[in-house]
Structure formats: C-alpha cells, structure tokens
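Quick notes on the structure that follows.
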Protein chains: 2
Amino acid sequence: MPAKKPTAEDQTNESSLGGAIDAIMAAVEQEEGAMTDKKRRIVEAAIHCFAENGYAATATNTIARRAGVAEGTIFRHFETKKDLLIRLVRPLFSPSLLPLVAKELRTETERADGDLRTLMCTILANRLAFADRFAPLVRILIQEMRFHAELREAVAENFPVGLQIAADTVLKPYIASGQIRAVEPALFLRSVISLLVGYYVIRTEVLPAQEWDDEAEIGRIVDLMLDGLRPR
Amino acid sequence: MPAKKPTAEDQTNESSLGGAIDAIMAAVEQEEGAMTDKKRRIVEAAIHCFAENGYAATATNTIARRAGVAEGTIFRHFETKKDLLIRLVRPLFSPSLLPLVAKELRTETERADGDLRTLMCTILANRLAFADRFAPLVRILIQEMRFHAELREAVAENFPVGLQIAADTVLKPYIASGQIRAVEPALFLRSVISLLVGYYVIRTEVLPAQEWDDEAEIGRIVDLMLDGLRPR
DNA sequence: TAGATATGTAAGTGATTGCTTACATATGAA
DNA sequence: TTCATATGTAAGCAATCACTTACATATCTA
C-alpha cells in the first residue's frame with residue numbers, strides 16, 4: 001500500500017476483502033495505466049462496496065466516503081457509475097491474465113507427465129487459487145452479469161476460447177490413448193466446472209465457518225470424476 | 001460527453017417469465033390467503049421486475065405501473081418494499097412445498113425398485129421440473145440471498161433438512177448393499193447438486209438459444225456420476 | 001518563467017427514491 | 001339503515017440518487 005496522507009485517513013482502512021486486494025489492484029493498474037493515489041482508492045472502495053452490497057445498491061457517495069475522496073473525483077476518473085463497474089471487472093479478461101491461464105494449463109499438462117489424476121488435481125487447485133486471488137472481482141462479475149450486457153459480452157468473448165484450449169490440451173490426448181472414455185468435451189468441461197464452482201460456493205458462501213482442506217476435497221472430486229460412484 | 005443520468009428506463013427487459021407464473025401465484029396465494037385482484041397483480045408484477053432487473057434496481061413505482069395500480073396500493077398490502085420481496089419468496093419454503101419434495105423422493109425411490117440409474121434420472125428430472133416451475137422465484141432467491149439475511153435464514157432453516165432426507169433415502173441403501181462405493185453423503189449431494197445446477201444455469205442463462213434434450217443430458221450426467229471417466 | 005493541462009473539491013442540479021397522508025369508495029355486520 | 005373496516009388512489013414528503021458546475025491547486029512542458 002502507498003504512503004498514507006494524514007488528511008483523509010478516517011474511513012479507508014477497515015475490514016478488507018482479504019489479501020486479495022493487492023493482486024487485484026495490480027491487475028487493475030495494468031489495465032488503467034498509472035493511477036493517482038485517489039483513483040486507486042476509489043477503485044479499491046468501489047470493489048469493496050460492489051462486492052459487498054451489489055452494484056445497484058451502492059451509491060457513488062458511499063464509494064467516495066469510503067475512499068476518503070470528494071464525490072466529484074469519482075467522475076473525474078470515470079464517466080459514469082456503470083463505466084466504473086465495467087473498468088473494474090475488465091482486468092479479469094486482460095490479455096495479461098487469460099493467456100497466462102492457458103499457458104499455465106500447458107505447463108501443468110507437461111509436468112503431470114501423463115498422470116491424469118495428478119493433472120486434474122493440479123488444474124483444479126490452480127483455478128481455485130485464481131478464484132481466491134480475484135474473489136471480489138469474480139463475485140461482482142457473477143452478480144452483475146445478468147444485468148449488464150457489456151459484462152456478458154466480455155465473458156462470451158473470452159470464455160469459450162479458454163474452454164476450447166482446455167478441452168484440446170487436457171482431454172483429447174487421454175481419449176486418444178484410451179485412458180478415459182470418449183466423453184463429450186462439453187459435458188466434461190461443464191461437469192468439472194460445475195463441481196469446482198459448487199465446491200467454491202459452498203466453501204466461501206454457504207459454510208465459510210467450516211474448516212476446508214482444499215487438497216483433500218479436490219482429490220475427492222477428481223476421484224469421483226474418474227471412477228464414479230460404482231465400485232470397481 | 002452528454003448528460004447520461006440513467007433513469008430507471010435503463011433497461012426494462014421485456015418478454016415473459018414463461019408459463020411459470022400460474023404455479024407461482026397458486027403457491028403465493030396459499031401463503032397469503034385470499035388476495036384481491038390488485039394485490040395479485042402487484043405480486044405478479046413484482047416477481048417479474050425483481051427477477052428481471054434485480055431487487056435494488058426495481059422502483060416501487062415501476063412495479064405499480066406494471067401492475068396497473070397506484071403506488072400507494074403496494075404499501076396498503078405490503079409494509080415495505082423489502083417485506084414485499086420476502087413474502088414473494090416465502091412460498092418456496094412453504095410447508096405445502098418442501099414436504100412434498102421429500103414425499104416425492106420416497107415415491108421415486110420405491111418406484112425405481114433398486115435401479116440406481118433410473119432413480120437418479122427420475123430425481124434429477126423432477127428437480128429440474130421444479131426449478132422450471134418456480135424459475136422466477138428461484139432466480140430472485142439466489143440473486144438476493146447474499147444481500148438479505150432474512151432470505152439466507154429461510155434457506156438455512158429448510159434446506160439442510162431436505163438434504164438429510166435425500167441422503168438417507170437415496171444413498172444409504174445403495175452403500176449398504178454395496179452397489180456404490182462408501183462415498184461421503186456430503187460429497188455426493190454437493191456433486192449431484194452442482195452438476196444439476198451447472199446444467200440448469202447453462203441451459204437457461206448461458207446458452208438458452210441452443211436446443212436441450214433434458215432427458216438425454218440428465219442421462220449423461222448420471223452415467224458420469226456412476227461410472228466416471230475411466231473405461232471399465 | 002508562463003501557461004497549459006491534470007487533478008481535486010464544495011456545492012450544487014433536477015430527477016427519482018421509498019413511503020405517507022388525506023380522502024374516496026366499496027363491503028360487510030349490526 | 002348505520003357505522004366500522006377494507007381497499008384504493010392522487011398528491012406530496014424528505015431523503016437520496018447520479019452527475020455537473022465553478023473554481024482551486026498541483027504538475028508538466030516549453
């Protein structure tokens with residue numbers, strides 16, 4: 001965090017969103033270019049408020065107060081409230097992030113060296129870590145996607161590409177070598193994603209109090225995917 | 001940049017909620033008792049607006065206009081806007097609905113007569129039908145749960161019971177008879193629910209244009225759950 | 001240095017918010 | 001009939017909304 005000015009210290013530093021904010025701010029900065037201290041604090045406050053109370057229920061003056069900034073300053077940096085929302089979420093689709101995910105996938109594939117179980121566990125663990133890293137942004141995106149066509153388009157533009165890469169890199173070789181059944185890639189992807197998202201939601205939203213052993217849980221999920229319910 | 005104050009017109013998404021509204025109104029009426037014509041139209045309009053644009057982004061006067069009613073009439077029947085929201089969603093937890101689901105489960109179990117695949121397909125198909133039937137309410141509930149403790153409590157109060165029944169009725173006998181592995185009930189439930197929800201979301205939200213054969217898709221999901229990815 | 005531009009703010013703007021009030025009419029019990 | 005209650009509405013309330021304006025100061029360039 002940058003040096004603090006003694007002037008408007010009051011509202012800024014209270015309960016945060018977890019350590020996630022630093023990684024997020026780095027990603028935002030990469031998209032927005034260099035940011036003044038106040039702009040950075042606006043972004044931070046907006047992410048917090050949108051994630052916490054939703055976009056529609058968050059007033060711009062609430063953001064301003066939380067950022068320790070005059071309300072007008074927000075509109076100096078962002079055309080509208082909606083523009084603020086969109087530019088916050090945009091880093092999730094940044095060229096510096098998405099190809100990185102695809103690249104990670106290839107690294108993981110090589111490293112697993114043909115062991116499908118290891119590969120799937122690694123992939124799921126990494127995606128879980130990604131979700132945690134950008135949790136507030138992901139939360140905002142999922143929450144607001146239904147109401148803002150711009151967000152939906154951004155997802156539609158970027159997501160399928162990643163999925164195709166994933167299916168080609170991960171699934172095909174194993175089907176070709178007969179290690180797994182010739183299941184439809186779409187079904188496979190949908191299932192893995194559903195299981196991971198389901199686990200994530202339960203871990204973070206439904207039963208956050210409970211202690212979770214990610215590695216063990218992912219292992220169980222992968223085993224279930226590989227072997228199914230029936231005994232062998 | 002021209003002035004662009006977003007008036008509520010922003011996006012009044014048109015179109016319908018499907019035929020679901022009749023079943024929903026019946027459920028609401030059961031909770032609310034006899035309703036005047038205007039009250040019924042308010043409920044209907046509110047469900048439509050909340051589901052389409054979200055609770056926070058829906059103005060009470062928008063609901064009134066859609067219902068063809070004076071705004072004051074809303075507050076004659078509902079104390080506050082939030083009271084309206086809660087009483088709309090409440091029927092989902094009605095004693096006339098939840099036990100019905102549990103009872104359905106037993107019927108399905110008996111009828112499947114030990115054939116696990118048939119049983120799971122039937123259960124998933126019925127839950128999918130339920131979701132379709134109450135789609136707008138379910139949508140509102142899921143969307144607003146994070147922001148309204150009252151809704152969360154209602155879910156926490158009713159959901160676990162249903163899950164326990166499900167696990168006991170469905171899973172235990174099959175584990176006992178060795179037809180499926182001794183998988184944790186929590187993992188099993190979470191997985192089945194995740195897969196079904198994942199399919200539902202993709203079918204209704206992500207790719208609603210595509211043609212979906214529910215029966216076939218459910219069959220594939222169940223096969224995956226039972227046999228896994230590996231060839232036998 | 002000058003002056004252009006970027007950044008920041010206090011104090012508004014009209015529109016819209018959820019909700020109330022005052023009053024009318026309809027309904028049902030005595 | 002009488003009166004009490006239920007239902008409905010138009011008008012209006014203060015608060016809040018997203019956003020602008022007018023003006024100050026900081027920073028950069030020439």
Side-chain angles (χ1 to χ4, degrees), chain A residues 2-12 28-29 32-46 49-50 53-88 144 147-148 150, chain B residues 1-12 29 32-46 49-50 53-88 144 147-148 150:
Chain A
K4 0 175 161 175
K5 294 198 170 182
T7 51
E9 229 337 81
D10 6 344
Q11 250 105 357
T12 4
V28 173
E29 193 125 20
E32 293 284 324
M35 295 163 86
T36 66
D37 184 56
K38 304 237 164 177
K39 180 171 178 182
R40 203 175 301 120
R41 285 161 65 178
I42 289 171
V43 167
E44 217 172 299
C49 293
F50 289 163
N53 303 106
Y55 169 81
T58 300
T60 48
N61 96 42
T62 306
I63 299 173
R65 260 206 333 270
R66 187 180 178 90
V69 148
E71 199 174 350
T73 309
I74 294 178
F75 295 95
R76 179 71 65 192
H77 294 284
F78 303 92
E79 292 185 26
T80 63
K81 184 185 164 191
K82 188 160 188 165
D83 176 50
L84 172 58
L85 168 72
I86 290 167
R87 281 161 66 184
L88 284 188
E144 304 301 333
F147 306 127
H148 308 275
E150 302 90 331
Chain B
M1 309 304 135
K4 54 192 100 178
K5 167 138 185 171
T7 45
E9 77 326 78
D10 211 8
Q11 222 80 279
T12 341
E29 193 125 19
E32 293 284 324
M35 295 164 87
T36 66
D37 184 55
K38 304 236 164 178
K39 180 171 179 181
R40 203 175 300 118
R41 284 161 64 181
I42 290 171
V43 168
E44 217 171 299
C49 294
F50 289 163
N53 302 103
Y55 169 81
T58 300
T60 48
N61 97 42
T62 306
I63 298 173
R65 263 206 332 270
R66 184 176 182 96
V69 147
E71 200 176 348
T73 309
I74 294 179
F75 295 95
R76 178 71 66 193
H77 294 284
F78 303 91
E79 293 185 23
T80 62
K81 184 185 164 193
K82 186 159 188 164
D83 176 50
L84 171 57
L85 168 71
I86 290 168
R87 279 161 67 182
L88 285 188
E144 304 301 333
F147 306 128
H148 308 273
E150 302 90 331

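Just so it is clear: chains get the letters A, B, ... in the order the sequence lines come, proteins before strands, and each one is counted from 1.
With rounding to whole Å, B:Lys81 atom NZ is found 4 Å from C:dG18 atom P. Remark: C1' of C:dA22 and CZ of B:Phe75 are 17 Å apart, rounded to the nearest angstrom. At whole-Å resolution of the value, CD in B:Glu71 and P in C:dG18 are 7 Å apart. Atom CG of A:Asp83 and atom C1' of D:dA18 are 13 Å apart (whole Å). The separation between A:Ile63 atom CD1 and D:dC19 atom P is 11 Å, rounded to whole Å. Distance B:Arg65 CZ to C:dT16 P: 10 Å, rounded to the nearest Å. Here the C1' atom of nucleotide D:dA18 and the CD1 atom of A:Ile42 are 15 Å apart, to the nearest Å. Rounded to an integer number of Å, the gap from NZ of B:Lys82 to C1' of C:dG18 is 14 Å.
Put simply, the side chain of B:Lys81 gets close to the backbone of B:Thr58: a donor and an acceptor are under 3.5 Å apart. Although no hydrogens or angles enter the test, the distance criterion places a donor-acceptor pair under 3.5 Å between the side chain of A:Arg40 and the main chain of A:Met35. Looking only at distances, no side-chain donor or acceptor of B:Glu150 sits under 3.5 Å from a matching main-chain atom of B:Ile86.
A:Asn61 places a side-chain heavy atom less than 4.5 Å from the side chain of A:Arg65. By the 4.5 Å heavy-atom criterion applied to side chains, B:Tyr55 and B:Leu84 are not counted as neighbours. At least one side-chain heavy atom of A:Phe50 sits under 4.5 Å from a side-chain heavy atom of A:Ile63. The shortest distance between side-chain heavy atoms of A:Leu88 and A:Leu85 does not fall below 4.5 Å.
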Distances for protein N or O near nucleotides 5-8 of chain D N or O, under 3.5 Å:
residue	atom	partner	partner atom	Å
D:dG8	OP2	B:Thr36	OG1	3.3
D:dG8	OP2	B:His77	NE2	2.8
D:dG8	N7	B:Arg76	NE	3.0
D:dG8	N7	B:Arg76	NH2	3.2
D:dG8	O6	B:Arg76	NH2	2.3

Polar pairs (N or O, both sides) under 3.5 Å between protein and nucleotides 27-29 of chain C?
none

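The side chain of A:Asn61 has D:dC17 as its nearest neighbour among D:dC17, C:dG18, D:dA18.
Distance OG1/A:Thr36 to CD1/A:Ile42: 7.0 Å, rounded to 0.5 Å.
Judged as a side chain to side chain donor-acceptor pair (under 3.5 Å), and not counting sequence neighbours, the contacts of A:Lys39 are A:Glu32.
As judged by a 4.0 angstrom heavy-atom cut-off over every strand, A:Thr58 is placed among residues touching the sugar-phosphate backbone only.
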